[in-house]
Amino acid sequence: GGIGAGNGDFTGQSYLIDKTPPVISLNGDATVRLDLGALYTDAGAIASDAQDGDLTASITTKGSVYTAHSGIYTITYYVGDAAGNSASVKRSVVVSAIPACTAISRLDASPTNAQLLRFQVTFSEAVVGVAASDFALAEAKVSPGAEVLGVSGQADTFTVFVRSGGDGPLGLNLVDDDSIRGALDSP
């Protein structure tokens, strides 16, 4: 034989090219809301990779949640595969005090013959989600035609507008249907 005689076919080593990062997903919601002082148990995350399979046990986290202090805390979950590709996902944990109504006060003189009455409603902190449906008229005999018409305001102070109806005492009560939340709680 001549040059290269008898070499035949030969297959050398090959590289596995993996440029695809792992997939990491949160267990549970991306935003968790907690009342001040509540116990926080992290739901964790899962991870997988097309080449390496299940990587859940390799997930590391960064961040802490301090439920004794109001705030927005971030927990970041990281994972990497054998090729050096990495992925991350974040969860926000919102810790806030339960807002409380601290006062419902008349804004107009009493007694009155006005058709439109106003009550000022004050909360312990800035809130969102305040609606007319969060209020009910109070007093033993609510006069016919009296009704809550609407609400305006922001932060911790709101004005509730009420049609007075007929004669007699007329008050206002907060009957929140859990729509009122701390402003820090809103997404």
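Numbers for residues simply follow the sequence, beginning at 1.
Between L172 and V160, the closest side-chain pair of non-hydrogen atoms falls below 4.5 Å. Counting heavy atoms from C-beta on, the side chains of T61 and T76 never come closer than 4.5 Å. Contact of the C101 side chain with the V121 side chain is registered, since non-hydrogen atoms from C-beta on lie closer than 4.5 Å. At least one side-chain heavy atom of V151 sits under 4.5 Å from a side-chain heavy atom of F135. You'll find the side chain of T157 stays beyond 4.5 Å of the side chain of F123, heavy atoms only. Using a 4.5 Å heavy-atom cutoff, the side chains of F119 and T159 are not in contact. Inter-residue side-chain proximity for L34 and V93 is flagged as met; some heavy-atom pair is nearer than 4.5 Å. Looking at heavy atoms from C-beta onward, L39 lies out of side-chain contact with T67 at the 4.5 angstrom threshold.
Crowding of E147 atom CD: a count of heavy atoms from other residues, nucleotides or ligands under 6.0 Å exceeding 12.
In the hydrophobic cluster analysis, where Ile, Leu, Val, Met, Phe, Trp and Tyr join through side-chain heavy atoms closer than 4.5 angstrom, L36 is grouped together with V32. If you chain together hydrophobic residues whose side chains sit under 4.5 Å apart, L117 and L174 fall into the same group. By the rule that hydrophobic residues join a cluster once side-chain heavy atoms approach within less than 4.5 Å of another member, V65 and V89 end up as members of one cluster. L137 and V130 end up in the same hydrophobic cluster when Ile, Leu, Val, Met, Phe, Trp and Tyr side chains are linked at under 4.5 Å.
With rounding to the nearest 0.5 angstrom, the CZ atom of R181 is 6.0 Å from the CZ atom of R33.
A pairwise comparison of heavy atoms in A87 and P22 identifies CB-O, 3.3 Å as the closest pair. Across every non-hydrogen atom of S88 and Y78, the tightest pair is CB-CD2, 3.8 Å. Closest non-hydrogen pair, E125 versus G182, comes out as OE2-CA, 3.6 Å. Here the closest non-hydrogen pair linking G150 and A132 is CA-CB, 4.1 Å. Considering every non-hydrogen atom in both A45 and I59, the closest pair reads O-CD1, 3.5 Å. Taking all atoms of both residues into account, the shortest heavy-atom contact from L170 to R163 is CD2-O, 4.1 Å.
S96 contributes no side-chain N or O that, together with a main-chain N or O of S70, makes up a donor-acceptor pair within less than 3.5 Å. Judged by distance alone, the side chain of D54 and the main-chain N or O of S48 form no donor-acceptor pair under 3.5 Å. Without hydrogens or angle criteria, Y40 side chain to Y66 main chain gives no donor-acceptor distance under 3.5 Å. Listed for the N173 side chain is no donor-acceptor partner under 3.5 Å among the backbone atoms of A138. Judged by distance alone, the side chain of T56 and the main-chain N or O of I46 form no donor-acceptor pair under 3.5 Å.
Side chains of T20 and N85: no donor on one and acceptor on the other come within 3.5 Å. A side-chain donor from one of R91 and Y77 sits under 3.5 Å from a side-chain acceptor of the other.
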Q) What do the steps show when you test D156 against T122 for side-chain hydrogen bond (donor to acceptor under 3.5 Å, both in side chains), and what is the final call? A) CA-CA 6 Å; D156 65 346; T122 308; over 6 Å; no
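Of the candidates V79, V23, D18, I24, D49 forms a side chain to side chain contact (heavy atoms under 4.5 Å, CB included) with just one, namely D18. Residue K90 is tested with I75, T74, T31, L26 for a side chain to side chain contact (heavy atoms under 4.5 Å, CB included); the sole match is T74.
Residues forming a salt bridge (charged side-chain N to carboxylate O under 4.0 Å, His left out) with D29 (at least two apart in sequence, or on another chain): none.
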